[in-house]
Amino acid sequence: MSRFGAVISGCEGLRVTAEEKALFRETRPFGFILFARNIDTADQVRALCDDLRACVDHDAPITIDQEGGRVQRIRAPMATEWLPPLEQVAQAGENAARAMYLRYRMIAHELRGLGIDSNCAPIVDVARPETHKFLQNRCYGDDSAKVAEIGRAVADGLLDGGVLPVIKHMPGHGRAFVDSHLDLPRVTAPRAELEADFAPFRALNDLPMGMTAHIVFDAVDDAPATTSAKAMQMIREDIGFGGLIMTDDIGMEALSGTVAERSIASLAAGCDAVLHCNGSFADRQAVAEACGEMSDAAQARAEAVLAIKRVPQPVDIEALAEELKAF
């Protein structure tokens, strides 16, 4: 198997352009990510996924943010409209884990039907009263054990539907009181208090892929977790996460420097792949070239991701929907 490029790349529009095809053939991204700008019709999305995979010589994962609620790139009538996760959990009460399994099994069915085989979920950040509104209602609750239980149900629903889960945001984004899309959050809590935030990630450390948090944890390092070797070591050794680690979007304003400089710093810290969501073609090219090929360890983890892809078993989606309505 050829060495993968250490990048998960976005593309500009509804089809892959000639210059994007040339770039992807040359740099061989491990995977791709889609946004609303890439979505028009079901046939168009399937064709786009086929074209993206045709640019590389492996069955590249194609991911999306289809959490449901505010963060849902595919909308009706192409996909089911969902409550925000926190509202779904509250509505289901003691049945929250089952409800969220059903929800994400249905989401997986819809994604696979479009050629998409990865979803940036579960979010197992532990919500707090002060959690920034960009994140809060995307969380599953404020109790670490319950968040871990629901996170496992979400991951199982996706995996059973043939979709790879991406756990986020490691090692925990719930104490961020500013939006990392715009600013760099800093968490001042002592290490002992952070254990509650880390616990759900430790409980789900066997999942195939994870995404970092662009947050400074003063108790760990003075650099954002994404570009901190100390934070990455903690995620690997203390939290015990053995899967492929991708950055959160490298274009977010929490990080400083050019996108190429951010990419280099992330890989040097121990991330396996850089996620580049938005930006010009020149940015996309700069990131891909800065990332280069995966390290030996990253390549092994990436190959393990591809090896666990499942063919979904037939399922009665209407029956799942009826069961979910009962909660």
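Side chains are part of it too, since the values below use all heavy atoms of this structure and drop only hydrogens, waters and symmetry mates. Since this is a predicted model, take the numbers as computed values, not measurements.
Remark: side-chain polar atoms of E20 are not paired, donor with acceptor, to backbone N or O of C11 under 3.5 angstrom. Judged purely by atom type and a 3.5 angstrom limit, R138 has no side-chain atom pairing as donor or acceptor with the backbone of P84. A donor-acceptor contact shorter than 3.5 Å is absent between the side chain of S263 and the backbone of V287. Proximity of a side-chain donor or acceptor of Q66 to a complementary backbone N or O of R73 within less than 3.5 Å is detected. Checking side-chain atoms of R310 against main-chain N and O of G162 turns up no donor-acceptor pair under 3.5 Å. Side chain of R37 to backbone of L14: no donor-acceptor contact under 3.5 angstrom is found. At distances below 3.5 Å, not a single donor-acceptor pair connects side-chain atoms of H169 with backbone N or O atoms of P171. Side chain of Q136 to backbone of R128: a donor-acceptor contact under 3.5 angstrom is found. Without hydrogens or angle criteria, R103 side chain to L83 main chain gives a donor-acceptor distance under 3.5 Å.
Contact record, V216 with D221: CG1-O, 3.5 Å, taken as the closest heavy-atom pair. The minimum heavy-atom distance linking D249 with C277 is given by the pair OD1-N, 3.1 Å. Closest of all the heavy-atom pairs between L114 and C49 is O-SG, 3.7 Å. Closest heavy-atom contact between G174 and T131: O-OG1, 2.6 Å.
With respect to E149 and K146, a salt bridge is recorded, a charged nitrogen being found less than 4.0 Å from a carboxylate O. Using a 4.0 Å cut-off between charged nitrogen and carboxylate oxygen, D59 and K309 count as a salt-bridge pair. Looking at R53 and D117, a side-chain N of the basic residue comes within less than 4.0 Å of a carboxylate O on the acidic one, giving a salt bridge. In this structure, D272 pairs ionically with R236, as a charged nitrogen and a carboxylate oxygen lie closer than 4.0 Å.
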* Asked: Could you walk me through whether R284 and V259 pass the side-chain contact (heavy atoms from CB on, under 4.5 Å) check?
  -> CA-CA 9 Å; R284 203 166 290 124; V259 287; over 6 Å; no

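Side-chain contact check for I123 versus P85: every heavy-atom pair is 4.5 Å or farther apart. You'll find the side chain of D183 stays beyond 4.5 Å of the side chain of E253, heavy atoms only. Side-chain atoms of N38 and L48, non-hydrogen and from C-beta on, do get closer than 4.5 Å to each other. For the pair V56/F32, a side-chain contact is recorded, criterion being any heavy-atom separation below 4.5 Å from C-beta on. Counting heavy atoms from C-beta outward, L255 and P224 have side chains that approach closer than 4.5 Å. The shortest side-chain heavy-atom distance between Y140 and L86 does not fall under the 4.5 Å cut-off. Taking 4.5 Å as the limit, some side-chain heavy atom of L52 sits within range of a side-chain heavy atom of L34. Residues F327 and Q91 fail the side-chain proximity criterion, which asks for heavy atoms closer than 4.5 Å.
A199 meets the side chain to side chain contact (heavy atoms under 4.5 Å, CB included) test with S144; sequence neighbours excluded. In this structure A321 satisfies the side chain to side chain contact (heavy atoms under 4.5 Å, CB included) test together with M106, sequence neighbours excluded.
Under the side-chain hydrogen bond (donor to acceptor under 3.5 Å, both in side chains) test applied with K168, the options T212, D65, D248 reduce to a single match, D65.
Taking a 6.0 Å sphere around CG of D51, one finds it holds more than 12 heavy atoms contributed by other residues, nucleotides or ligands.
Ring geometry, F30 versus F4: the interplanar angle falls from 30° to 60°, so the pair is classed tilted.
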